[in-house]
Each structure stands twice: as C-alpha cells, then as structure tokens.
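The structure appears below as structure tokens.
Note that the numbering runs from 1 along the sequence shown for the chain.
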Amino acid sequence: MGFVFGMVMGIVVGVAIIVVFIRSEKSRSIQRSQLATTVAAFARMTVEDSRTILPSQFYPSWVVFSQSQKLNWLNSHLTKIWPYVNEAASELIKTSVEPILEQYRPFILSSLKFSKLTLGTVAPQFTGVSIIEDGGEGVTLELEMNWDGNPSIILDIKTLIGVALPVQVKNIGFTGVFRLIFKPLVDEFPGFGAVSYSLRQKKKLDFTLKVIGGDMSTIPGLSNAIEGAIRDAVEDSITWPVRKVVPILPGDYSDLELKPVGILEVKLVQAKGLTNKDIIGKSDPYAVLFVRPIRDRTETSKTINNDLNPIWNEHFEFIVEDVSTQHLTVKVCDSEGLGLSDLIGCAHIRLSELQPGKVKDVWLNLVKDLEIQRDNKNRGKVHLELLYYPFGMENNFTNPFAPNYSMTSLEKVLKSSNNGIESNGNENGSTQKKKEAIIRGVLSITVISGEDLPATDLMGKSDPFVVLTLKKAGTKNHTRVVNDSLNPVWNQTFDFVVEDGLHDMLLIEVYDHDTFGKDYMGRVILTLTRLILEGEYKERFELDSAKSGFLNLHLKWMPQTIYRDS
C-alpha cells in the first residue's frame, strides 16, 4: 500500500513539475519576445524621440547628442599622404589667393605677393563630419577641422618708397568647418556632376607676422594693414558663401557658383543705454554693419559725440548671396579719434528670420562676443528696420503709395519698359535707368494725452508740453502747456510737410515748463516707415530716458510719391 501511494505521489509531483517548467519556459519566451521588440524599438529611435521621452533636464552630464561622427581613420590616412597633399594644396592656395591678396593690398604697399608657400609637415586633424539634407538634389558634408601647423609662408612686400621686406607668416592656428557639396546627383559614375568646396565657418584664425632680419614696427601701421589684407583675402576667396566648383562630369554648373540672390536694406535708427567707455564725458558711438566682413562690403555710420542714446537714422544696402546661412552683424564702437576705437557691443540677426518684402522692426541686445552666449551684462541695444527682397520677385511687391507702380523695396522703384524704365532704344539690350522713389506727403499727428509722467516740481507735479521735430527737415511744433498735471490731455493736431519720408524721422520730446526755462522729461523716436506702409495708426508709446510716462498719439499719412533719376 505504501508503495502504491508513493508511486502515485511521485507521478503527481512529476506532472506538476513538468507543468510548472512548461509554463515557466512559455513565460520566459514571452518576456524575451517583448524585450526583443523593445530593443528593436529603441534601435529605431531618433534623437528627437529620446528628447521627447526624456526631457534634457534628466540627462546625466556625460550624455551628449552630436550630429558629427569621429574621423580617426581619415586623420590616420591623411597623415600618411600629407607630403603629397601639401605640394598640391600649396600651389592651389598660392594661385587662388594671391590675386585676391593683391586686390586687398594696403595703400602703403606697391606689391604684395607670396615668395614661398608650403603647408609644412603637420597635417590638419578632422574632428567630426556631419551630413546635411539637401532635398534629394545633392549631398553636403561638413568637416570640422583643427590645424596648428608649421607652414613656411613668406610674403614679398614692397612699399611705395621702394623698400622691399620679406614678411614671414608664422604661428598659424586655425579652427573651422569645411563644406563639401556633391551636386547635382546623376545616374552615371561617380554619381554626382561636380564638387563644390568652401570654408563654411571660420571659428578661429590666429597668426603672427615677422619681418625676416628686421622689425615690423619700423613702419607704423604695416602689421595691421597686412593682417587685414590677409583676413580679407581669406574671407573673399574661400569663406562661405564663396565656393569653388570643380566639375567632375561634363556639363553646365554655373548655377552652383556664387551669385547675388537679393538685397537687404537696413535702416540704422538708434541705440539706447550704451555702456560708457570714457572716463571723462560719454562715449562717441558709431556703428559698423556688414553681411560679409570684407572692407568693400562693410558700412560705417557717422559718429555721434558724447551720447549714450545716439540717433543715426541712416540707410544702408547689402548684397545677399545665401539667405539661409548669412546674417547681418552690427558692431557699436566708441570712437577714440585717430582711427582708434573701443568696442561697446555687437549683435547679429539671421536673414532667414526675415520675411521677404516685409519690414521687420527689431531691437537687438548688444553683447561682448557673438560666440559667447553667457553674457548677461547690459551693454545697451540697437534699433534697426530691415527689409529683404529677393531678385526676381519685384512683381510681388506692391507700392502702398501709388497702386500703379511696382515696388522692389521701400526705397527703389524698378519699373518695366512700359511702366517707367527709361531705355536707350537699343533692341538688343537697352540700358535701364533706376529711379529713386521720393516718398513725399503730409504727416498729421495728434498728441492726445500723457500718462504717469514723471514729477519734476517740488509739489510733486509738472507743467508738461510736447515738442515735435521732423529731424531731417528741421520743422518744429509744440503743444500748449498743461499746468500741474502728470496725466495731461492736449488733443492737438499738427501737420508736417515731409519731403523724403523714408529717410526722415519724428522726434517727440516732453518738457516741464518753468518760469526760467524747461526741464527734460523724456522722448519718443518714430521712423515714418510703418506709417507710410499702414497709412494710419493710433498707439500708446513709452517715454525713453524717463523714469515713467507714456504718450498717446494718433498718426496719419497722406502720400504723394514722386521720382528722380538715381
């Protein structure tokens, strides 16, 4: 009996173990399948997916998302073949840069050429590569590069007085990004028609100049002049948007070459709250503006003496070659006389942020260095009005002042042969004259009221009145005095005949009337661009250079557009 019972129990226990084992294996199989599915899902995840699932504040400090891939294999092979690359590249650089170097030759020199150029024995190091999507039309590679080389570069310079000097360029340190564009893609080997190369970004370019067997300081200003010429030559020969096109297959690749795509019009209005760089008195600010930092494409404003809130009201034009990557840079400097200056601050704005044909009114905060974003010091801000219009889109711009004319910008009117362009009668290619639009009209401004004006009298009140000045024309008007009020109501309307609305501005100043003079309370500065485009608007304006206060204004524009040959 005991034997039978033991056998039955053994069978039951055995079956139970088998059932548990089968269930366990099945559960483990399901878990492995789920884990494999999860791993596969993670493998398909992009960087954006991971950022969506896990916000950046939860990342460990060692987690870095990079679009670049390491290029140790390329650096290893480049080191091996560098002697041959050096020979070919040195000759290429010499033949391509030397004509541009001569173009930017300082006026104190009669000749500026290479007498020797080799890149040395140290190969550059590529630290990363990234691929940029190009809509299927091409492939773009960007290579990050560092080079602390030992090149042998000697410039043969001659001064206007006949002195010849060999100048050595040494201690070169370079960090930047090279761009290679394989475009267009074709269906025959090697798969692309041409290669374009350019220096996409110049992060650092340092070098020193030394006269062989002499002293550079014997000729004042020579070192700075040569250094400026070298930097301009590099900027104008290979720095993006300049690019070199190398055809691989026969074909027309003129569309890949550098060409203007539009015009950027800039009105430098004013700056506010600039840092004072002078020990005695105030800074004498001026502004330098450029899209490409080369001498013949850089604009400089006039200098406003002893003013930390300068008003320039100046207009500049810049050629645009690549709206997607270029930007406008503004540097505000303090003039120290004799060509010397001290940087107050700088700012830039990407052209891709501008809507073609639309005026953008912006205030840009000034910083010490555009490459360093952690600058919290208040250095002031600069006021700009910007208009970008691409070439070939003139017919899309409507002149708000005269409906029968087509308009390319706020300042220039280009009219077709049956719409105002003057022709010389030559059928093969008439010489077209551009006519400059003079936006003339009547500005009507109603000074409605003031709010929360600062108290200037001992009794905590003021006797405010408003002075209106058309800055370019010099025409002035003023309201009546409202006694003992910080919230005056004037409701007075003034008309100004404006001869050139796009280049004039309205200065509205508030004063406190006293028996023996007047106290300044604040001001509002208005360009007429918005008014000319909109025709009429009413707005509440905050007073500049004041502790508090607002002005309520109503402005109207009655246009009369005339033209003159430019």
Side-chain angles (χ1 to χ4, degrees), residues 264-291 293 298-316 318 327-350 353 359-386 454 456 467 469 471-472 503-511 519-530 541-551:
L264 174 68
E265 297 204 19
V266 179
K267 180 179 284 188
L268 174 65
V269 182
Q270 61 175 318
K272 186 189 300 184
L274 299 180
T275 301
N276 191 8
K277 293 289 184 177
D278 292 349
I279 298 176
I280 300 175
K282 298 178 181 178
S283 297
D284 308 316
Y286 68 93
V288 178
L289 304 93
F290 57 83
V291 173
T298 299
E299 300 287 354
T300 304
S301 75
K302 61 179 179 286
T303 300
I304 308 296
N305 293 323
N306 199 40
D307 197 340
L308 301 181
N309 299 285
I311 301 174
W312 289 291
N313 193 36
E314 295 187 60
H315 173 264
F316 306 101
F318 299 93
H327 52 261
L328 173 71
T329 299
V330 182
K331 293 185 176 181
V332 180
C333 304
D334 172 30
S335 175
E336 301 292 350
L338 300 177
L340 302 176
S341 63
D342 193 3
L343 179 67
I344 295 175
C346 52
H348 68 176
I349 181 171
R350 298 183 183 277
E353 299 177 18
V359 176
K360 187 177 181 70
D361 188 294
V362 293
W363 283 91
L364 301 178
N365 292 323
L366 298 176
V367 296
K368 182 179 180 180
D369 191 330
L370 295 174
E371 299 297 328
I372 301 176
Q373 302 300 322
R374 298 184 299 273
D375 184 6
N376 298 321
K377 182 178 179 180
N378 181 19
R379 303 177 187 275
K381 52 186 178 179
V382 62
H383 183 197
L384 305 172
E385 287 182 354
L386 307 171
T456 58
V467 177
T469 305
K471 191 169 179 60
K472 186 175 181 181
H503 295 91
D504 216 330
M505 67 173 12
L506 188 63
L507 180 61
I508 307 166
E509 298 172 297
V510 183
Y511 292 94
D519 295 325
Y520 179 76
M521 300 175 69
R523 70 182 182 185
V524 174
I525 300 172
L526 299 177
T527 67
L528 305 185
T529 308
R530 175 187 171 188
F541 296 93
E542 184 177 3
L543 291 179
D544 290 337
S545 308
K547 296 180 180 179
S548 63
F550 298 87
L551 282 182

Requested in this report: Report the residues that fulfil side chain to side chain donor-acceptor pair (under 3.5 Å) with Asp307, sequence neighbours left out, ordered by chain and then residue number.
Outcome: none
**Report entry** Sub-4.5 Å side-chain heavy-atom contact between Asn306 and Asp284
**Finding:** yes
Query raised in the report: With Phe541, which residues qualify under ring pair (Phe, Tyr, Trp, His ring centres under 6.0 Å), at least two apart?
Result: none
**Report entry** Shortest non-hydrogen separation from Asn365 to Ala347 and the atoms involved
**Finding:** O-CB, 3.6 Å
Query - Arg530/Asp361 ion pair, N-O < 4.0 Å - result: no
Requested in this report: Could you grab the distance from atom NE2 of His348 to atom NZ of Lys331, nearest 0.5 Å is fine?
Outcome: 11.5 Å
Report summary line: In short, Asn378 meets Gly380 closest at the heavy-atom pair OD1-N, 3.2 Å
Query - Separation between CZ of Arg379 and CG of Leu343, rounded to the nearest 0.5 Å - result: 8.0 Å
**Report entry** Test side-chain contact (heavy atoms from CB on, under 4.5 Å) applied to Tyr286 and Thr303, Asp334, Asn305, Val332, the passing residue
**Finding:** Thr303
Requested in this report: Please report the shortest heavy-atom distance between Thr527 and Met505, naming the atom on each side.
Outcome: CG2-CE, 4.0 Å
Query raised in the report: Under the side chain to side chain contact (heavy atoms under 4.5 Å, CB included) criterion, do Leu274 and Leu366 qualify, and how do the steps go?
Result: CA-CA 9 Å; Leu274 299 180; Leu366 298 176; 3.6 Å; yes
Query raised in the report: Is the backbone N or O of Lys277 less than 3.5 Å from a side-chain atom of Ser283, with the two atoms forming a donor-acceptor pair by type?
Result: yes
Report task. Indicate yes or no: at least one non-hydrogen side-chain atom of His383 is less than 4.5 angstrom from one of Lys272. Result -> no
Report task. Step by step, work out the side chain to side chain contact (heavy atoms under 4.5 Å, CB included) result for Ile311 and Ile304. Result -> CA-CA 8 Å; Ile311 301 174; Ile304 308 296; over 6 Å; no
Query raised in the report: Measuring from Phe316:CZ to Lys267:NZ, what's the distance to the nearest 0.5 Å?
Result: 12.0 Å
Report summary line: Between the CG atom in Leu264 and the NE2 atom in His327, the distance rounded to the nearest 0.5 Å is 12.0 Å
Query raised in the report: Residues two or more places apart in sequence or in another chain: which of them pass ring pair (Phe, Tyr, Trp, His ring centres under 6.0 Å) with Phe290?
Result: none
Query raised in the report: Are more than 12 heavy atoms from other residues, nucleotides or ligands located less than 6.0 Å from atom NZ of Lys547?
Result: no
Report summary line: Distance col, row Leu268:CG vs Glu385:CD, nearest 0.5 angstrom, shows 10.5 Å
Query raised in the report: Going by the angle between their ring planes, with limits at 30° and 60°, are Tyr520 and Tyr511 parallel, tilted or perpendicular?
Result: perpendicular
Query raised in the report: What is the minimum heavy-atom distance between Ala546 and Met521, and which atoms define it?
Result: CB-O, 3.1 Å
Query raised in the report: Can you check side chain to side chain contact (heavy atoms under 4.5 Å, CB included) on Ile349 and Lys360, steps first, answer last?
Result: CA-CA 11 Å; Ile349 181 171; Lys360 187 177 181 70; 4.0 Å; yes
Report task. To the nearest 0.5 angstrom, please state how far the CD1 atom of Ile344 sits from the CG atom of Leu308. Result -> 7.5 Å
Query raised in the report: Val524 and Glu542: which non-hydrogen atoms are nearest, and at how many Å?
Result: CG2-O, 3.8 Å
Report summary line: The single option from Asn309, Leu506, Leu507, Asn313 that satisfies side-chain contact (heavy atoms from CB on, under 4.5 Å) with Ile525 is Leu507
**Report entry** Donor-acceptor contact present, side-chain Asn276 to main-chain Gly281, <3.5 Å
**Finding:** yes
Query raised in the report: Has the side chain of Lys302 got a donor or acceptor atom that lies under 3.5 Å from a matching backbone atom of Trp312?
Result: yes
